Q: 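Here it is, the structure, as structure tokens.
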Amino acid sequence: MKIRHTTGGLTEKIPIDMTPMIDIVFQLMAFFIMTLKVVVQEGDFNIKMPAPSSSQNATPPLLPAIAVRLEATAEGRLSAIYAGEVPLASSDELRDYIISIVGDPSGPNSLAKEQEVELDFDDNIRYEHVIGAVTAITGYRNSEGQVVPLIEKLKFAPPKELAPAQ
Amino acid sequence: MKYSSKEFGNPPEVDWTPMIDMTFQLIAFFMFTLSFSDADINERIRLPNSELAKPPDQKAEKPLTLQLTKEGIVLYGGQEVPLEGMSRNLENEAEYLIRQHTDDPGVVAGATIILRADAEAQGGQVRRLIKICQDAGFENFVLRAKEERR
């Protein structure tokens, strides 16, 4: 059978209805936009802190721990930092003090791996100040932006009501 | 001035191709950036900043995430638990780990507590929570902070 080509027959374009596809695509877009979460990069500080009772049998440390204490105002803001009895003005000074004790962390004679730090703080201090001190104690970024690790052995002083009587 | 339909003829055909291209590109972008793995992240917690905070190189072993709000409430396993009530929960968690890993006596000590505490939470509450974890046998802690860009 011969198909006759006539004007207005098979040569005419069939219009595709795009509306359903665009509907679906926009629905997908709306879903993804609404579920989009801009997550800020999070980082970790790894701390090994066994309970005091279980660590009693462990070998005593070679070096006495550096006692760092943070004091707070009534509103929980940082008011003073002490390393032992030495008052320090800021986290940067705390870092410099730690480096002065353990030596250059990139040097061969650094005590950073062996030295322990016990961090004590007022109960009402804001946690951000605690993390600020933990940052100063555990390392810093050099001029190239590389992380230079400092103290690895960090522990928190026991809670006040549980602290042993002196 | 009046236009007659005869003057303009058929309505012009719209070319949808660029718009569909763009839309599919956007969909692809959103699909790739979609993440379901952050189920443990609660938006109520505003983490403290730290210049040293960087994403961990390897996944924590047997992680257990505890989130402490600035009001002193612990968000744990989808529920809100006051600090005092965490002792029982963590003991149950430790018992569960021991039952699951009967061949590993140090399983609780080897597990990792990921602590996401709010920047305005009290340091004393964080310390008490750590003490409760220690009493339940946990020894490894990860303090989580937000990466601070300088």
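Any value given below was found using the heavy atoms of this structure, including those in side chains, with hydrogens, waters and symmetry copies removed. These numbers were taken from a predicted model, which means no experiment stands behind them. Order of the sequence lines fixes the chain letters, A, B, ..., with proteins taken first and strands second; residue numbering starts at 1 for each chain.
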Q: Does any heavy atom of chain A fall under 4.5 Å from the side chain of B:V142, the backbone, both, or neither of them?
A: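 When you check distances to chain A, atoms from both the backbone and side chain of B:V142 fall under 4.5 Å.
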Q: When heavy-atom pairs shorter than 4.5 Å are enumerated against chain B, which of A:P149, A:A157, A:A72, A:G145 gives the highest number?
A: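 Greatest number of close heavy-atom pairs with chain B: A:A157.
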Q: Can you measure from CD1 (A:I24) to OG1 (B:T23) and round to the nearest 0.5 angstrom?
A: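 Separation between the atoms: 13.5 Å.
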Q: For the pair A:Y127 and B:E120, evaluate side-chain contact (heavy atoms from CB on, under 4.5 Å) and give the outcome as yes or no after the intermediate values.
A: CA-CA 6 Å; A:Y127 180 59; B:E120 289 181 39; over 6 Å; no
Q: Same cluster for A:F121 and B:I132 if Ile/Leu/Val/Met/Phe/Trp/Tyr side chains link at under 4.5 Å?
A: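 Same hydrophobic cluster.
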Q: Step by step, would you call A:E128 with B:N49 a side-chain contact (heavy atoms from CB on, under 4.5 Å)?
A: CA-CA 7 Å; A:E128 61 189 334; B:N49 292 324; over 6 Å; no
Q: Below 4.5 Å, heavy-atom pairs only: which of A:V130, A:L28, A:I22, A:T35 has the largest tally toward chain B?
A: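 Of A:V130, A:L28, A:I22, A:T35, A:I22 has the most heavy-atom pairs under 4.5 Å with chain B.
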Q: Out of curiosity, does A:L88 fall in the hydrophobic cluster containing A:L119 (side-chain heavy atoms, cut-off under 4.5 Å, transitive links)?
A: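 Yes, A:L119 and A:L88 fall within the same hydrophobic cluster.
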Q: Can you check whether A:D123 reaches B:Q125 side chain to side chain, under 4.5 Å on heavy atoms?
A: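 The answer is no, as the side chains (C-beta and beyond) never meet within the 4.5 Å cut-off.
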Q: Give, for atom CG of B:L143 and atom CG of A:L154, the distance between the pair rounded to the nearest 0.5 Å.
A: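 Answer for the CG-CG pair, B:L143 versus A:L154, is 8.0 Å.
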Q: Given a strict heavy-atom distance threshold of 4.5 Å, which part of B:F24 is in contact with chain A: side chain, backbone, both, or neither?
A: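 B:F24 touches chain A through side-chain heavy atoms alone.
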Q: Do B:R127 and A:D120 meet the salt-bridge criterion of a basic N to acidic O distance under 4.0 Å?
A: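 Between B:R127 and A:D120 there is a salt bridge, with a charged N closer than 4.0 Å to a carboxylate O.
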Q: Any chance NZ of B:K70 has more than 12 other-residue heavy atoms, nucleotides or ligands included, within less than 6.0 Å?
A: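 Counting neighbours around NZ of B:K70, 12 or fewer heavy atoms of other residues, nucleotides or ligands fall under 6.0 Å, so no.
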Q: Does any heavy atom of chain A fall under 4.5 Å from the side chain of B:L47, the backbone, both, or neither of them?
A: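 Answer is side chain: those atoms of B:L47 sit under 4.5 Å from chain A.
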Q: Any link between A:V86 and A:I98 through a network of hydrophobic side chains (Ile, Leu, Val, Met, Phe, Trp, Tyr) touching at under 4.5 Å?
A: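 In one cluster with A:V86: A:I98, yes.
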Q: Should we say atom CZ of A:R77 is surrounded by more than 12 heavy atoms from elsewhere, each under 6.0 Å from it?
A: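 No, not enclosed.
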Q: Do B:I113 and B:L75 share a hydrophobic cluster (ILVMFWY, side-chain heavy atoms under 4.5 Å, transitive)?
A: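 Per the 4.5 Å side-chain linkage, B:I113 and B:L75 are not co-clustered.
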Q: Heavy-atom cut-off 4.5 Å, strictly under: side chain, backbone, both or neither for A:Y140 against chain B?
A: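 It is the backbone, since no side chain atom gets that close.
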Q: With rounding to the nearest 0.5 angstrom, report the CZ to CZ distance, A:F156 to B:R128.
A: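 One finds 15.0 Å between CZ of A:F156 and CZ of B:R128.
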Q: Applying side-chain contact (heavy atoms from CB on, under 4.5 Å), run through B:I27 and A:V25 and close with a yes or a no.
A: CA-CA 8 Å; B:I27 287 182; A:V25 166; 3.7 Å; yes
Q: Look at the side chain of A:R126 and the backbone N and O of B:D118, then say whether any donor-acceptor pair between them is shorter than 3.5 Å.
A: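 No: the side chain of A:R126 does not pair with the backbone of B:D118.
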Q: Once you round to the nearest 0.5 Å, how far does CG of A:D44 lie from CZ of B:R116?
A: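 It comes to 10.5 Å.
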Q: Which of the residues A:V134, A:V147, A:T138, A:I125 is involved in the greatest number of heavy-atom pairs with chain B at under 4.5 angstrom?
A: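 Going by pairs under 4.5 Å, I would pick A:I125.
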Q: For atom CD of B:Q100, decide whether the heavy atoms of other residues, nucleotides or ligands shown that lie under 6.0 angstrom number more than 12.
A: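 Atom CD in B:Q100 is packed in, count exceeds 12.
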Q: If the threshold is 4.0 Å, N to carboxylate O, is there a salt bridge linking A:R95 and B:E51?
A: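 Yes.
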Q: With only heavy atoms counted, which part of B:L68 is less than 4.5 Å from chain A, the side chain, the backbone, both or neither?
A: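 Contact with chain A is absent: no heavy atom of B:L68 under 4.5 Å.
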Q: If hydrophobic clusters are built from ILVMFWY residues whose side chains come within less than 4.5 Å, do B:L52 and A:V68 share one?
A: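 Yes, same cluster.
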Q: Does the structure place the NZ or CZ of B:R144 under 6.0 Å from the centre of the six-membered ring of A:F45, at an angle of no more than 45° from the ring's axis?
A: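 No cation-pi geometry.
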Q: Identify the heavy atoms of B:A145 and A:I131 that sit nearest to each other, and give their distance.
A: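 Heavy-atom minimum between the residues: CB-CG2, 4.2 Å.
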Q: Got a second to check how far B:I130's CD1 is from A:K155's NZ, nearest 0.5 Å?
A: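 Nearest 0.5 Å value for the CD1-NZ distance: 13.5 Å.
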